[in-house]
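A short worksheet on the structure shown next.
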Amino acid sequence: MSAQLSKLGNGFRVATDQMPGLKSAAVAVHVKVGARNESARLNGIAHFLEHMAFKGTRTRSAIQISETIEEVGGFLNAYTSRESTVYQAGVLEDDVPLAIELIGDILRHSIFDPNEIEVERGVILSEIGEYEDSPVDVVFDALQRTIYPEQQFGRPIIGTSQTVSSFRQPDFRSFVDKHYGPERMILTVAGSVQHDQIVRLAEAHFGDAMPQKATRRRRPHFVGGEYRKSRDIEQAQFAFAFPGPSLREKISYVARVFGVVLGGGSSSRLFTEAREKRGLCYSVSSHAAPGPDTGLFVLHASTGAHELGELVKLCADEIRRSADTITAREVERAKTQIRVAILMGAESPANRIERMGSLVGLRGQLETLEATIARYDSVTLDAVAEYAHALAGSQSAAMAVYGPVQAAPFRDDFLGWLQS
């Protein structure tokens with residue numbers, strides 16, 4: 001196993017994966033802090049903070065940060081999820097020390113200049129506008145809000161125009177002081193790397209950070225319900241979700257296999273029946289979305305207003321029908337798709353640092369590709385059929401429909417279709 005894991009005295013963790021033959025490396029610091037750590041007033045600040053990290057430190061201006069990485073031909077990037085904020089870099093092997101120093105600088109020494117806050121506020125408000133103009137983003141945000149009303153997990157990662165307009169410099173400093181402790185950070189490096197060297201660099205740039213008092217995160221509670229909004233656009237967006245297993249549960253592997261069988265590719269049941277045979281839609285899919293302490297099983301489709309009712313009924317019928325008719329061949333094909341995706345992903349340093357960050361953040365340890373694949377290989381036909389039966393008999397669900405839905409011959413609830 002080429003991957004190695006170490007922990008500094010302050011709780012900061014370092015994971016590396018050496019990939020012989022490469023001349024480059026992917027670098028990331030995963031901060032296990034995201035939208036679910038925000039109060040209602042601060043909704044969106046984790047994402048805003050990700051933007052502000054590139055806007056100047058005690059020793060570098062925003063343009064100097066960009067010049068520093070681009071002068072060596074590298075790149076910096078970041079993203080925010082509900083669970084974490086990840087700061088990434090890609091560089092040649094000789095510039096890995098620079099990448100780690102630079103990420104350490106923006107994480108630990110950002111100044112949150114009020115003028116830069118105002119500039120970036122405008123950028124994020126424009127980003128929110130783009131989200132609101134994207135029907136797919138709208139329907140998934142509505143679905144999340146319907147599943148988890150009045151909960152951190154139900155709020156948009158990007159925030160709202162109202163909350164984003166309210167943030168001031170002290171809010172950023174307070175959020176960092178409260179949440180950005182070394183025990184919540186994981187440095188991952190994959191490619192042309194030496195583990196001992198990376199540990200020394202981590203010690204130099206993060207070793208003096210002081211641990212913080214742990215903050216307890218509330219476990220999301222699936223409530224469910226229905227969201228429906230009519231808008232005069234070409235396509236109707238339909239999204240539906242059941243409660244699903246968390247990543248800590250073995251059944252999460254079963255759920256993912258069923259997600260691929262049902263709607264995970266062009267040979268899946270939903271795609272074959274809805275698109276290829278009936279021409280009801282351009283896209284239809286399903287997938288399991290497990291998280292650290294909760295999960296979902298999600299279906300999504302885009303279609304015309306007059307096809308919506310038939311498509312929704314078809315999705316419900318296919319879940320119910322698959323519980324009794326799923327075959328060993330379908331299960332094996334889905335497992336092969338997953339296995340190949342894992343192995344092909346392992347050829348990319350960027351994918352490897354993501355995988356290490358997820359594993360260490362969830363389990364506190366690494367796992368070989370072979371061990372992960374073995375978890376999927378152990379999934380049986382009976383287990384997948386049993387999971388499909390459980391979905392078909394579910395009493396909890398959430399639905400979001402957006403677009404030209406007034407013209408749709410469409411009943412009020414997906415569970416009604418499923419149980420009819």
Side-chain angles (χ1 to χ4, degrees), residues 31-56 62 78-87 110-180 215-233 237 239 241 291 294 296 398-403 405:
V31 186
K32 294 303 174 179
V33 176
R36 71 177 298 182
N37 297 89
E38 300 165 347
S39 65
R41 186 185 78 80
L42 294 179
N43 176 219
I45 197 166
H47 170 260
F48 202 142
L49 179 62
E50 167 218 316
H51 281 236
M52 290 305 302
F54 300 96
K55 294 302 176 180
Y79 69 85
T80 306
S81 70
R82 288 183 170 84
E83 300 287 350
S84 61
T85 309
V86 181
Y87 301 83
S110 287
I111 58 175
F112 310 120
D113 180 86
N115 293 325
E116 293 288 358
I117 291 172
E118 292 307 315
V119 171
E120 206 59 27
R121 193 192 314 279
V123 172
I124 294 173
L125 290 174
S126 295
E127 190 178 356
I128 290 173
E130 286 188 13
Y131 269 74
E132 292 172 349
D133 285 339
S134 168
V136 174
D137 290 327
V138 169
V139 81
F140 273 107
D141 272 351
L143 182 68
Q144 195 79 14
R145 192 167 58 249
T146 303
I147 295 169
Y148 305 112
E150 305 301 322
Q151 299 179 59
Q152 291 162 314
F153 237 60
R155 299 177 193 137
I157 294 170
I158 199 171
T160 66
S161 296
Q162 181 178 4
T163 59
V164 167
S165 296
S166 72
F167 301 152
R168 299 294 181 267
Q169 186 186 59
D171 295 320
F172 295 98
R173 288 180 171 168
S174 177
F175 192 82
V176 169
D177 290 344
K178 183 177 181 180
H179 296 292
Y180 270 52
T215 55
R216 187 175 181 179
R217 302 200 297 186
R218 294 181 181 177
R219 189 175 187 271
H221 173 63
F222 191 109
V223 176
E226 179 186 332
Y227 170 92
R228 187 184 300 205
K229 185 173 181 178
S230 184
R231 184 177 176 186
D232 186 18
I233 54 178
Q237 298 291 328
T294 189
L296 299 171
M399 180 178 70
V401 188
Y402 179 73
V405 299

| request: Walk me through it: do T294 and F222 pass the test side-chain contact (heavy atoms from CB on, under 4.5 Å)? | output: CA-CA 9 Å; T294 189; F222 191 109; 6.0 Å; no
Checking [X] now: which residues fulfil ring pair (Phe, Tyr, Trp, His ring centres under 6.0 Å) with it, not counting sequence neighbours?
X    : result
F54  : none
F172 : F48, F112
Y148 : F153

| task | Could you tell me whether Q162 atom CD has more than 12 heavy atoms of other residues or ligands within 6.0 Å of it? | result |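 Counting other residues, nucleotides and ligands, CD of Q162 stays at 12 neighbours or fewer.
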| request: Determine whether more than 12 heavy atoms belonging to other residues, nucleotides or ligands lie under 6.0 Å from atom CZ of R168. | output: yes
Check: [Y] and [X] side chains under 4.5 Å, non-hydrogen atoms:
X    : Y    : answer
Q144 : L296 : yes
K55  : V119 : no
Q237 : V138 : no

Minimum heavy-atom separation for [X] to [Y], with atom names?
X    : Y    : answer
T163 : S166 : O-OG, 2.7 Å
R121 : E118 : NH2-OE2, 2.7 Å
A35  : A46  : N-CB, 4.3 Å
Q152 : N37  : NE2-C, 3.9 Å

| message | side-chain contact (heavy atoms from CB on, under 4.5 Å), that's the test. Do M52 and I117 meet it? Break it down for me. | response | CA-CA 7 Å; M52 290 305 302; I117 291 172; 3.6 Å; yes
| request: Please step through side-chain contact (heavy atoms from CB on, under 4.5 Å) for the pair V405 and K229, ending with a clear verdict. | output: CA-CA 7 Å; V405 299; K229 185 173 181 178; over 6 Å; no
Backbone of [Y] reached by a side-chain donor or acceptor of [X] within 3.5 Å:
X   : Y    : value
E50 : T80  : yes
T85 : V33  : yes
R82 : R155 : yes

| request: Please step through side-chain contact (heavy atoms from CB on, under 4.5 Å) for the pair E120 and E116, ending with a clear verdict. | output: CA-CA 6 Å; E120 206 59 27; E116 293 288 358; 5.6 Å; no
| message | Just to verify, what does S161 make a side-chain contact (heavy atoms from CB on, under 4.5 Å) with, not counting sequence neighbours? | response |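 S161 satisfies side-chain contact (heavy atoms from CB on, under 4.5 Å) with L125, I128 only.
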| Pair listing, salt bridge (charged side-chain N to carboxylate O under 4.0 Å, His left out) test, anchored in residues 131-152, at least two apart |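 Qualifying pairs: none.
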| said: With salt bridge (charged side-chain N to carboxylate O under 4.0 Å, His left out) as the rule and sequence neighbours excluded, what pairs involving residues 36-47 come up? | reply: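 For residues 36-47: R36-E83, R36-D293, R41-D171.
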Separation between [atom1] of [X] and [atom2] of [Y], rounded to the nearest 0.5 Å:
X    : Y    : atom1 : atom2 : value
I158 : E127 : CD1   : CD    : 3.5 Å
Y227 : T146 : OH    : OG1   : 8.0 Å
R173 : S110 : CZ    : OG    : 10.5 Å

